[in-house]
Amino acid sequence: MVLDVVGLTPRLLEFMPRLRALAASGWQAPLDTVLPAVTCSVQSTFLTGETPAGHGVVGNGWYFRDLGEVFLWRQHNGLVGGEKVWHAARRHRPEFTVANVCWWYAMGADVNWTVTPRPVYHADGRKDPDCYTDPPGLRDDLTAALGTFPLFNYWGPGAGIASSAWICAAAQRIRTAHRPDLTLAYVPHLDYDLQRYGPDAPQAAVAAAELDRVMTPLLDSAGDATVVVLSEYGITPVSRPVHINRALRAEGLLRVYTQAGMEYLDPWTSRAFAVSDHQVAHVYVRDPTDVPAVAKLCAGVAGVAEVLGTEGKSAHGLHHPRAGELVLVAEPDAWFTYYYWLDEARCPDFARLVEIHRKPGYDPAELFLDPTNPRAARARAAVALLRKKIGMRYLMSVVGLDAGASAVRGSHGRLPDDPRDGPMIICSDRAHARPAVAATEVRDLLLTLSGIPT
């Protein structure tokens, strides 16, 4: 049973007595992650043993050059290259069974049981919470037992413990009923308050203790199964949003087009633009002759620590065609916004929504009600919910823009400076203790723990 406890670090383990007990009876070690240290890239490395250069997942999203569009948070497993852990296992044990409970890129994966968040997208624009499962009947079983998947507690201003509790209960139910050889469960709770308030805030310790209690029944139900708990990254304090796309626009490199008074990023005609992803940004440069000038410009932007070109990407295992011509790494206290407008009155309407699929970059401001006037944001949310209940179209316009970005206190993506703030691994099987584990070694470690040669 493999639990991906996002954001778990040695510092936070102090507030998690059940996990500490697991580590004491087994072993724990630092986990050397990959760049970018973000969910989709690191999970893909865990499951394939490849760096992003091998599996192709260069971030939580990227510029799809063949489509001319930026997409984040796609869900199809076909986007992940490399041999997955279950493929390697089935070469030796064809009957090897796997349950994937909310790890990313779950849809279309040839595992035995799949659960992943998937809203109902109604034709009139409404969105209702739900999940996708395979086999399809698993959805009805989980929903009847646990209630509808709590999508609005999984991300957004309402993100909280309810989603992790549902996922842990679903994993326990599947394990009890089907006994998979390998169970993967993604537990996201630490992502929320650590980004909202920072990893050193009292809320971070409370979140860690709360999650430890929620995971306890699942851990107690493991029986004789080997348990692995790992994390993709550690979240560290930040205080500076870096508006890299605004810097590119100011130099005439990024272009927009306007509809209904709203500005939209124009990737087709821009000479350079960035897909921002926490503390890493892929900069796509249309004309190769512009790369040196764009690199110099980016290096001069306050908050940019590194500009990786061809050699830098190769050194970090990021030399894949999906990556930007340049990859930026933020300074420790900074992170990259996707914002490209210069006047908030001209931003697209989706900028003020929790809208992870339309924004051309990651937006942690979605974790807050608009800090400029939270009361008004709550009132707008209440009106929107009323419209939803009576079947009308609505916009949940609650996200702050620059004010929301300035409120963010935690981020990740760059490689950790201090192992106490970095990801870690805990394993119940002392026989396979190691002083450290690289993300690229996790796949083969899982095979070894399953008694399968690597």
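FYI, the numbering just counts along the sequence from 1. Model, not experiment: these values are computed from the prediction.
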Under a 4.0 Å threshold between the charged nitrogen and the carboxylate oxygen, would Arg322 count as salt-bridged to Asp66? no
Would you indicate whether the side-chain heavy atoms of Lys127 and His122 approach each other to under 4.5 Å? no
Who are the salt bridge (charged side-chain N to carboxylate O under 4.0 Å, His left out) partners of Arg346, not counting sequence neighbours? Glu263
Is the Phe64 ring parallel, tilted or perpendicular to the Phe71 ring (thresholds 30°, 60°)? perpendicular
Asp402: which residues meet the salt bridge (charged side-chain N to carboxylate O under 4.0 Å, His left out) condition with it, sequence neighbours left out? Arg246
Would you please classify the geometry between the Tyr186 ring and the Tyr154 ring as parallel, tilted or perpendicular, with 30° and 60° separating the classes? perpendicular
Testing Val6, Asp4, Leu184 one by one against Gln43 for a side chain to side chain contact (heavy atoms under 4.5 Å, CB included), which residue passes? Asp4
Quick one: does Pro332's side chain get under 4.5 Å of Asp417's, heavy atoms only? yes
Scan residues 362-372 for pairs that pass side chain to side chain donor-acceptor pair (under 3.5 Å), counting only residues two or more places apart or in two chains. Trp155-Glu366, Gln195-Tyr362, Lys359-Asp363, Lys359-Glu366, Asp370-Thr372
Sequence neighbours excluded - side chain to side chain donor-acceptor pair (under 3.5 Å) pairs with any residue from residues 302-318: none
Determine which pairs satisfy side chain to side chain donor-acceptor pair (under 3.5 Å) with at least one residue from residues 15-24, sequence neighbours left out, and list them in order. Arg18-Asp220
Identify, with sequence neighbours excluded, every residue that meets ring-ring contact (aromatic ring centres under 6.0 Å, His included) alongside Phe350. none
